Amino acid sequence: MNSQSSRVAVITGASSGIGEATARALHAAGYRVALLARRTDRIQAIANELGAGALAISADVTDRNSLTAAAQQVRDELGNADVLINNAGIMLLGPFSPDQRDDYRQMIEINLLGAITTTEVFLGQLTASRGGDIVNISSVAGRSARAGNGVYAATKWGINGWSESLRQELLPRVRVTLIEPGVVATELPNHITHSETKTAITDLYDKATVTPGDIAEVIAFTLARPRHLAINEILLRPADQA
């Protein structure tokens with residue numbers, strides 16, 4: 001995919017899971033990649049492994065100053081961003097109760113406001129591109145809420161609605177793609193604070209058959225389409241997920 005060799009991709013939440021896999025897939029496809037995450041040691045190790053064209057940047061999507069500094073570093077060291085992958089997110093499931101109120105705020109600030117702020121900060125670079133792309137990682141929970149995932153689902157429904165509005169505002173210069181995965185073998189359950197929920201969800205994720213690499217492959221395919229074609233929404237699940 002030599003046509004991608006001059007493009008710059010910024011990936012948030014790049015220290016593990018879908019973010020890490022996407023950074024690896026795009027770098028292999030010839031992109032220069034900026035890995036953004038709070039776990040500096042982890043993204044630096046990944047960038048070192050990838051080699052030339054990979055840049056690790058410590059950044060927190062809930063901190064706009066952190067993001068503006070990251071955007072400047074991307075521009076200075078790699079050039080303007082052509083692609084933004086809004087992947088950073090947490091899934092703090094559990095029954096709706098006052099005991100979980102800190103979890104709710106954290107999910108809203110990272111999953112929804114984090115993606116919005118990151119996009120706002122990088123928008124100037126993306127619109128200056130020869131043809132930009134924004135990929136927002138949502139979830140099947142953005143379509144179907146269940147007991148115990150209400151606020152998480154609310155953040156993903158928010159991402160879905162915002163993505164559609166953004167698509168219309170930015171076309172045709174910047175394509176917007178919404179990716180809605182089902183269960184993927186990632187670290188998402190690790191931070192759940194409600195013990196019973198964590199046990200159940202961890203058991204489910206331990207049996208996941210879809211890997212982060214599977215999702216990264218779909219993202220790379222989508223970005224590689226010719227500019228006259230926009231793939232705006234992709235819903236994907238394990239074949240055995242109801």
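Just so you know, these numbers come straight off a predicted model, no measurement behind them.
Taking CD1 of I137 as the start and OG1 of T22 as the end, the distance is 6.0 Å to the nearest 0.5 Å. Here the straight-line distance linking atom CG of D240 with atom OG1 of T209 works out to 5.0 Å at 0.5 Å rounding. From L204, atom CG reaches atom CG of L188 across 11.5 Å, with rounding to the nearest 0.5 Å. Distance CG/L223 to CD1/I85: 5.0 Å, rounded to 0.5 Å. Rounded to the nearest 0.5 Å, atoms CD1 (I110) and CG (D60) are 7.0 Å apart. The CG atom of L113 sits 6.0 Å away from the OG1 atom of T117 when rounded to the nearest 0.5 Å.
H194 is listed as a side-chain neighbour of P95, based on a closest heavy-atom distance under 4.5 Å. At a threshold of 4.5 Å between non-hydrogen side-chain atoms, the residues I90 and N111 count as touching. Taking the side chain as every heavy atom from C-beta outward, R7 and V83 approach each other to under 4.5 Å. Looking only at side-chain heavy atoms (C-beta outward), V176 and N136 come within less than 4.5 Å of each other. Here the side chains of I219 and I179 are in contact, with some heavy-atom distance below 4.5 Å. With a 4.5 Å cut-off on side-chain heavy atoms, V174 and R167 do not count as touching. For the pair L55/V33, no side-chain contact is recorded, criterion being any heavy-atom separation below 4.5 Å from C-beta on. You'll find the side chain of H191 stays beyond 4.5 Å of the side chain of D103, heavy atoms only.
Distance alone, capped at 3.5 Å, is enough to place a donor-acceptor pair between the R173 side chain and the S129 backbone. Panel note: side chain N48, backbone Q44; a donor-acceptor pair is recorded below 3.5 Å. In this structure, the side chain of H27 engages the main chain of A52 through a donor-acceptor pair within 3.5 Å. Judged by distance alone, with hydrogens and angles left aside, the side-chain atoms of T62 form no donor-acceptor pair with the main-chain N or O of E109 at under 3.5 Å. Looking at D214, its side chain does come within 3.5 Å of a backbone N or O of T211 through a donor-acceptor pair. Listed for the T127 side chain is a donor-acceptor partner under 3.5 Å among the backbone atoms of G124. Using modelled atom types, no side-chain atom of T155 and backbone atom of M107 make a donor-acceptor pair closer than 3.5 Å. Using a distance-only test at 3.5 Å, with no hydrogens or angles considered, no donor-acceptor pair links the side chain of R75 to the main chain of Q125. A donor-acceptor contact shorter than 3.5 Å is absent between the side chain of T118 and the backbone of A115. Remark: side-chain polar atoms of N149 are paired, donor with acceptor, to backbone N or O of R146 under 3.5 angstrom.
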Run the side-chain contact (heavy atoms from CB on, under 4.5 Å) check on I116 and N86 step by step: do they pass? CA-CA 9 Å; I116 291 171; N86 282 312; over 6 Å; no
Please evaluate residues Q241 and V140 with respect to the criterion side-chain contact (heavy atoms from CB on, under 4.5 Å), reporting the C-alpha separation (whole Å), side-chain torsions for both, the decisive distance (0.1 Å), and the verdict. CA-CA 11 Å; Q241 182 178 340; V140 295; 4.1 Å; yes
For V218 and I234: C-alpha separation, side-chain torsions, deciding distance, then whether side-chain contact (heavy atoms from CB on, under 4.5 Å) applies. CA-CA 9 Å; V218 171; I234 300 175; 3.6 Å; yes
Let me see the working for K156 and S138 under side-chain contact (heavy atoms from CB on, under 4.5 Å), right down to the final yes or no. CA-CA 5 Å; K156 297 304 184 178; S138 182; 3.6 Å; yes
Derivation of the salt bridge (Lys or Arg N to Asp or Glu O under 4.0 Å) call for E120 and R64: CA-CA 10 Å; E120 173 254 311; R64 190 179 187 280; 2.4 Å; yes
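Counted by atom type alone, R39 and S16 present one or more donor-acceptor pairs between their side chains at under 3.5 Å. Side-chain N/O atoms of D76 and Q72 include a donor and acceptor closer than 3.5 Å. A donor atom on one side chain and an acceptor atom on the other are not found under 3.5 Å apart for S163 and N160. Using modelled atom types and a 3.5 Å distance limit, the side chains of T222 and R175 yield no donor-acceptor pair. No hydrogens or angles considered: nothing links the side chains of E187 and N190 as a donor-acceptor pair under 3.5 Å. Donor-acceptor pairing under 3.5 Å is lacking for the side chains of T12 and N87.
D133 and R227 are joined by a salt bridge, as a carboxylate oxygen and a charged side-chain nitrogen come within less than 4.0 angstrom of each other. Between R42 and E20 there is a salt bridge, with a side-chain nitrogen of the basic residue lying less than 4.0 Å from a carboxylate oxygen of the acidic one.
Under a hydrophobic clustering in which Ile, Leu, Val, Met, Phe, Trp and Tyr are joined whenever their side-chain heavy atoms come within less than 4.5 Å, directly or via other members, I215 and L235 fall into different clusters. F221 and Y31 end up in the same hydrophobic cluster when Ile, Leu, Val, Met, Phe, Trp and Tyr side chains are linked at under 4.5 Å. When the side chains of ILVMFWY residues are joined at heavy-atom separations under 4.5 Å, either directly or via intervening members, L126 and L171 end up in two distinct hydrophobic clusters. Linking Ile, Leu, Val, Met, Phe, Trp and Tyr whenever their side-chain heavy atoms come within less than 4.5 Å puts W162 and F122 in one cluster. A continuous path of hydrophobic side-chain contacts links L93 to I108 [ILVMFWY only; heavy atoms under 4.5 Å].
Annotation: R105, atom CZ; neighbour count of heavy atoms from other residues, nucleotides and ligands within 6.0 Å does not exceed 12. Atom CD of E217 sits in a sparse spot, with 12 or fewer heavy atoms from other residues, nucleotides or ligands closer than 6.0 Å.
The two residues T197 and G94 come nearest to each other via the heavy atoms OG1-CA, 3.6 Å. Taking both residues in full, the closest heavy atoms of S58 and S66 are given as O-OG, 4.1 Å, listed atom of the first, atom of the second, then distance. Between V184 and A208, the closest heavy-atom pair is C-CB, 4.0 Å. Considering all non-hydrogen atoms of both residues, L36 and L67 come closest at CD2-CD2, 4.5 Å. The nearest pair of heavy atoms linking T202 to P189 is OG1-CB, 3.8 Å. In terms of heavy-atom proximity, I18 sits nearest to P181 at CD1-CG, 4.4 Å.
A distance of 6.0 Å or more separates the ring centres of Y152 and Y104.
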